[in-house]
Amino acid sequence: MKNGIGRVTLPTEIGIDDKIKEVMSEWGADAIRNSDGTQLSSSLLNMGKKVYATYKLCRNDQEWAKNHMDQLQQVYLMTEHITATEDNLEIEIMKGYFTRQIKVNYKDDPKQWWEVINRTTGEIINVDDWSYNEKTGKVTIHNTEKYNCYTVAFLAYVIWDPVHMYNHLTNEWTTPEQMPYDVRHRETRAHVLEYLEKWLVDNEQVDVVRFTTFFYNFTLIFNDDEKEKFVDWFGYSASVSPEAILEFEKEYNYRPRPEHFVDAGYHNTPFKIPSKEFKDWLDFQEKFVGELMKECVDLCHKYNKEAMMFLGDHWIGTEPYGNTFRNIGMDAVVGSVGSGATCRMISDIPGVKYTEGRFLPYFFPDNFSEGCNPIIQAEENWLQARRAIMRNPLGRMGYGGYLSLALKFPQFIERVGDFCGEFREIHMIADNEKPHSAFKIAVINAWGAKRTWMTNMVAHAKWYKKIYSYVGVIESLSGLPFDVEFISFDDIKEKGIDSDIKVIINAGDGGTAWSGDEYWKDKDIITKIREFVHNGGGFIGIGEPSAKLHEGRYFQLADILGVDRELGFTLSYTQYDEPIDNKHFITEDMTAEPDFGEDISSIRKAVDDTKILLMKNGDTKLAVNEFGKGRSVYITGLPYNYENCRLLLRSIYWAANSENEMYNWYTSNTKAECSVFKKAGYVAVYNNTTEPINTRLYKDSVNYINMSLKGSEIQWHRTELI
């Protein structure tokens, strides 16, 4: 299929048309696109290929931005915690912030829109007890309580779009700084729609308008060293303005405080259980953004163009798994594929005609300069994403950045051609068929479906020490043979647990939204889960599941999990924890001790019949328990790798009381996996490593064939021949 054509979009640049045409042939590309900072040449536009064009709704017209500085986007920020040592305390508002990115908003009365808080007591300081000086950029708090800490929450204009700024700092752009304007202002909103319509008329050759993205960027704030200060891919801090807040007040009958946005400096990270006020703001912005998105999409359709949303950059308010998105009429979603989980995050989006992935590495100088080997990252990215593609494929694939950089690495160009061929082959054989799934499992957290395939993420597919032990769970799930649903604690409280769910997974640190924190004190939720397991359901806890110190337990489901975490309060109880000697179904494929990641220490038996499968330094790492007709598995952490992926697979089958079903399409080698397309009559067996391997492919517990796979190879076999 390498010489086939279709399903591939190629980034282009001016001045290398002949090379572009060669790559188009090599990859079988049927579409071309520009990028932020590149243009499409006239000769390429006349090739008869599908044409994508990037469109930036809130920064395309910089003349408008310059002439309407009071209608720029705004963000709520907070100063550092400063300790008072005198009666009066001065706080420098912009200390630690990048002054080329943001500018303090003094136009809207700070006494009305800012907030000073004593962080030692939580007390809001009366506006009469503080003053501000626009010239010095300082707030003075009068009559402070000595040795108490104080902060100021303030509004600031975004005077440099964070995406444009990022490219400036990363890719050495020299174009003038671009300012984002805010569509909450009626005048700006009307201008954005008029400007878009004129662009649609003037760009007749464009087939797909790639919105990058819509109106509000995720929270991305830089420090005074021109480096990222904080980034939250889910952050709404930069979607605020006095105009929006006043509209919110009319609809919700209360005015959100600055604190509801800065959140003591946490900025409503998704790791915190969302407050009522923050959830209200999400719903408010989702409705507003959705309505205006629909107007933009309808304009595209009016001029016979498809509307595509980039799942990134200014995606805040679009919420692809929210209540509004599927009714907007968006034709497609494209996003960066950093992993299998992010691949599924894109491909599972409802309400669009097709999805598209931008694979890694991006064609940027940090990946394509002397001494780099981009093939290594490309291979790793493709193999990880391919597992997810086998479960629910993207409709199209492509790469992003500057093709001129990638052209300096001809072996990279050739290898990507192989990936494109494999991608088309999967589509040709599977032919839109959903592969065999054993049964449905559910991942439970405070966010539920709204953060489908996004659990425990900070920024899109980025590695963090604090999260990789949990992100590995959804990464493994992205390619395993199960239907995966993301449910919230509120779902269980209001609707119970669907009868088609066989296993529930709860993974995360205690105190976070992913584990559940306060929800584990809710009697209705906890009793419904206990009933589910007692009647035969499965429960898998990873890290600190059901964690909330309450009534003598830290793990509130210790009776189900069979273990609890020692916090030092029960050291007077003698422990007799020892691992069982015999092998267990879950550990049968282990060739070495699993990597438990950052690990959770001091896990102890809470139920006498609990079976400890693995211990290290006297701490339980892997344990199983039975509760009524149901079963549970506890694991301290699960980074993504082949062994852990298999460990999770076996844990799910065991927890579901379905061990024998595991052999219904199963590979004996942990480095290989398979997907079966029964209607098509084919099973795909794929090597997830770059090294050759041998494996058995099981059709069931009795019938199998022996296979040899080259590095990265996919083999397709007729199901009736096994």
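What you see below is based on every heavy atom in this structure, not just the backbone, and it leaves out hydrogens, waters and symmetry mates.
Side-chain contact annotation: Thr512 with Ser515, donor-acceptor N/O pair under 3.5 Å absent. Looking only at atom types and distance, the side chain of Tyr642 has no donor-acceptor partner in the side chain of Asn669 under 3.5 Å away. Residues Ser712 and Glu379 have side chains that bring a donor and an acceptor to within less than 3.5 angstrom of each other.
Using a 4.0 Å cut-off between charged nitrogen and carboxylate oxygen, Lys548 and Glu518 count as a salt-bridge pair. Residues Lys440 and Asp500 are paired through a salt bridge, judged by an N-O separation under 4.0 Å between the basic side chain and the carboxylate. Ion pairing between a basic and an acidic side chain is recognised when a charged N comes within 4.0 Å of a carboxylate O; Glu578 and Lys611 show no such pairing.
Of the residues Trp233, Phe310, Tyr321, the one that meets the ring-ring contact (aromatic ring centres under 6.0 Å, His included) test with Trp315 is Trp233.
For an aromatic pair to be called close, the ring centres must be under 6.0 Å apart, and Tyr653 with Phe482 satisfies this. If you look at Trp453 and Phe486, their ring centroids are closer than 6.0 Å. Taking the six-membered ring for Trp and the full ring otherwise, Phe489 and Trp520 have centroids separated by under 6.0 Å. Here Phe271 and Trp514 bring their ring centres to under 6.0 angstrom of each other.
Residues Asp599 and Asp619 are not in side-chain contact: their nearest non-hydrogen atoms beyond the backbone lie 4.5 Å or more apart. Residues Lys671 and Glu643 fail the side-chain proximity criterion, which asks for heavy atoms closer than 4.5 Å. Counting heavy atoms from C-beta outward, Ile487 and Asp498 have side chains that stay 4.5 Å or more apart. By the 4.5 Å heavy-atom criterion applied to side chains, Thr570 and Asp564 are not counted as neighbours. Looking at Pro320 and Val333, their side chains never come closer than 4.5 Å, going by heavy atoms from C-beta outward. When side chains are defined from C-beta on, Ile426 counts as touching Trp716, because their heavy atoms get closer than 4.5 Å. The shortest side-chain heavy-atom distance between Asn456 and Asp509 does not fall under the 4.5 Å cut-off. Under the 4.5 Å side-chain criterion, counting only non-hydrogen atoms from C-beta, Leu649 is in contact with Pro481.
A perpendicular orientation is assigned to the rings of Phe412 and Phe368, their planes being inclined by more than 60° (bins at 30° and 60°). Ring planes of His534 and Phe627: perpendicular class, angle over 60° (limits at 30 and 60°).
Remark: Lys450 NZ is packed, more than 12 non-hydrogen atoms of other residues, nucleotides or ligands lying under 6.0 Å away. Open room surrounds CG on Asp608; 12 or fewer heavy atoms of other groups in view lie less than 6.0 Å from it. Residue-environment remark: CG (Asn617) stays at or below the threshold of 12 foreign heavy atoms within 6.0 Å. Within a 6.0 Å radius of CG in Asn660, no more than 12 heavy atoms belonging to other residues, nucleotides or ligands are found. In this structure, Lys629 places its NZ atom where only 12 or fewer heavy-atom neighbours from other residues, nucleotides or ligands lie under 6.0 Å away. The 12-atom threshold is not exceeded at OH of Tyr266, counting heavy atoms of other residues, nucleotides or ligands nearer than 6.0 Å. Other residues, nucleotides and ligands place no more than 12 heavy atoms under 6.0 Å from the NZ atom of Lys495. The number of heavy-atom neighbours closer than 6.0 Å to CD of Glu433, taken from other residues, nucleotides and ligands shown, is above 12.
The closest donor-acceptor contact from the side chain of Thr610 to the backbone of Gly562 lies under 3.5 Å. A donor-acceptor pair is defined here as one N or O able to donate and one able to accept, closer than 3.5 Å; no such pair exists between the side chain of Asn644 and the backbone of Pro594. Although no hydrogens or angles enter the test, the distance criterion places a donor-acceptor pair under 3.5 Å between the side chain of Ser546 and the main chain of Leu557. For Thr667 (side chain) and Ala672 (main-chain N/O), a donor-acceptor pair under 3.5 Å exists by modelled atom type. Side chain of Arg391 to main chain of Leu480: a donor-acceptor pair is present (N/O by atom type, distance under 3.5 Å, no hydrogens or angles).
Geometrically, Arg718 engages Tyr682 in a cation-pi contact defined by less than 6.0 Å to the ring centre and at most 45° from the axis. Cation-pi check for Lys502 over Phe439 is met; the charged atom lies under 6.0 angstrom from the ring centroid and within 45 degrees of its normal. Relative to the ring axis of Phe585, Arg650 places its NZ or CZ within 45° and under 6.0 Å from the centre.
Summarising the geometry of Ser675 relative to Tyr686, their closest heavy-atom pair is OG-OH, 2.9 Å, with the distance given to 0.1 Å. Nearest heavy atom pair, residue Arg7 against residue Gly395, reads NH1-O, 2.8 Å.
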